[in-house]
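What follows is a short report on a single structure.
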2 protein chains.
Amino acid sequence: MNTKDVILKLADQLILEKGFNAFSFYDLAETIGIKTASIHYHFPTKTDLAIAVIHLHAAGFEQVKKQYATKDPLAKLEAFFNIYSRNKAEGQVCFVGSLCTDLYSIDPAIEAELTPVVKGILIWVTEILKEGKRKGVFHFSAAPRTKALLIITNMLGILQVSRITGKPDFNEVRNTILKELKTKKG
Amino acid sequence: MNTKDVILKLADQLILEKGFNAFSFYDLAETIGIKTASIHYHFPTKTDLAIAVIHLHAAGFEQVKKQYATKDPLAKLEAFFNIYSRNKAEGQVCFVGSLCTDLYSIDPAIEAELTPVVKGILIWVTEILKEGKRKGVFHFSAAPRTKALLIITNMLGILQVSRITGKPDFNEVRNTILKELKTKKG
DNA sequence: CCTTGCCTATCTACTAATAGGTAGTATATT
DNA sequence: AATATACTACCTATTAGTAGATAGGCAAGG
């Protein structure tokens, strides 16, 4: 892995663990064992670094989306949840939650990059739910887009809240969402 | 309102708007029209300020809890939601979401104060749901504590996500949660 | 095959601004 | 007089970012 990717991976980790405003180029440089000027060579500004991290996540979601495109809706939704489970295992929140809480304190250029990614995730989950309902494997009464918002905010929120209440709550929430979706109601 | 309360209110506002790591004593001082040293007089450290903000919210929840103690469960839950609606109106996220995303970058003393407050909110919502179910006004199949986690993470999460997707999504989520709770299922 | 020159990546050294925090002093209230 | 509140003046560390030097790799031209 080249230095640029090492910087990117570490920046991502720090954004999800501590938040965008809680780490500096010096933190990155010290951990990697290079100088801050070298980071500026790869990412001229901290904004550039944040945008690269967003693109990294966008690509990650895109890859899972493609990889599961022909699978059944349940497998798709589980693949979606697995992204969050991986974050939980590392003590991280999700990049959407981390950046949205800091949104009004960061460069608008970051928001401009984040917006289409968040909307894309919402569309993806909405489509999974629609497909699941059509095929009779998911049952819910709300509008698919609203149900997607409910599920996404559950995952985003529990990553944060379970830092306080404990990791088992993350799994409890994940399992309950799936159970309720699969349960046929009157 | 005395200076201490002015500082506290502004610090609260900035934590919910920009995040704990995104404002300085200088920002507070400049806005209020005093010197940073004066803030240090009232709140020796930034940690003290954060803890005071947490206590402010704890007192707020406590007050609503008492005020609605004898009301019906639906009124209680609506009062709970109104706290988040007020934040949304100001473009703010909730203090739990804001501080949890920054949790691993801040003084552990802040976490120590935050933990019982978050657990208290969870217990409160759990009790509202239990009472609602017992009285036949709420219908849900999950364990009450889990359902409380789902609802809390919905509110916390949508405050953040709707910064990107738009304010109407906040209301849509709020209304949908209530509608689903009130709907009798097979 | 070797030298010239470009490209990439890193370094040293620096800057101006901002961070949180302290010591000691002045002023206003009670 | 005592107390609460705010001030001036300062400190040390850190912040993001820049300028310019250096070193190695690699390709073209003589």
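By convention in this document, chain letters (A, B, ...) are assigned in the order of the sequence lines, proteins followed by strands, and residues within each chain are numbered from 1. We use all heavy atoms of the structure for the numbers below, so side chains are in, but hydrogens, waters and symmetry mates are not. Note that the structure is a prediction, hence the values are computed from the model and not measured.
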### Task
Look at the side chain of B/Asn154 and the backbone N and O of A/Leu150, then say whether any donor-acceptor pair between them is shorter than 3.5 Å.
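Indeed, once roles are kept as given, a pair shorter than 3.5 Å links the two residues.
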task: Look at the aromatic rings of A/Phe80 and A/Trp124 and report parallel, tilted or perpendicular, splitting at 30° and 60°.
output: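 It falls in the perpendicular class, over 60°.
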* For the side chain of A/Thr36, counting heavy atoms from C-beta on, which of C/dG21, D/dG17, C/dA19 is nearest? ->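 In terms of side-chain proximity for A/Thr36, the closest of C/dG21, D/dG17, C/dA19 is D/dG17.
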- With a 4.5 Å heavy-atom cut-off, do A/Phe20 and A/Lys46 have their side chains touching?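 They are in contact (side-chain heavy atoms under 4.5 Å apart), so the answer is yes.
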[atom1] of [X] versus [atom2] of [N]: gap in Å, rounded?
X       : N      : atom1 : atom2 : value
A/Leu14 : D/dT15 : CG    : P     : 12 Å
B/Asn21 : C/dT18 : CG    : P     : 18 Å
A/Lys35 : C/dT12 : NZ    : P     : 5 Å
B/Ile34 : D/dT8  : CD1   : P     : 12 Å
B/Phe25 : D/dA13 : CZ    : C1'   : 16 Å
A/Ile7  : C/dT8  : CD1   : C1'   : 13 Å
B/Tyr26 : D/dT15 : OH    : C1'   : 16 Å

* Modelled atom types, side-chain donor and acceptor of B/Ser85 and B/Asn82, under 3.5 Å -> no
When hydrophobic residues are tied together by side-chain contacts of less than 4.5 Å, even through go-betweens, does B/Ile123 share a cluster with B/Val64? no
Would one find more than 12 heavy atoms of other residues, nucleotides or ligands at under 6.0 Å from atom NZ of B/Lys179? no
Q | Any A/Thr3 side-chain nitrogen or oxygen under 4.0 Å from OP1 or OP2 of C/dA9 | A |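 A/Thr3 to C/dA9 OP1/OP2: no side-chain N or O under 4.0 Å.
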What residues 37-52 of chain A contributes to the DNA chain C interface at heavy-atom separation below 4.0 Å is A/Ala37, A/Ser38, A/Tyr41, A/His42
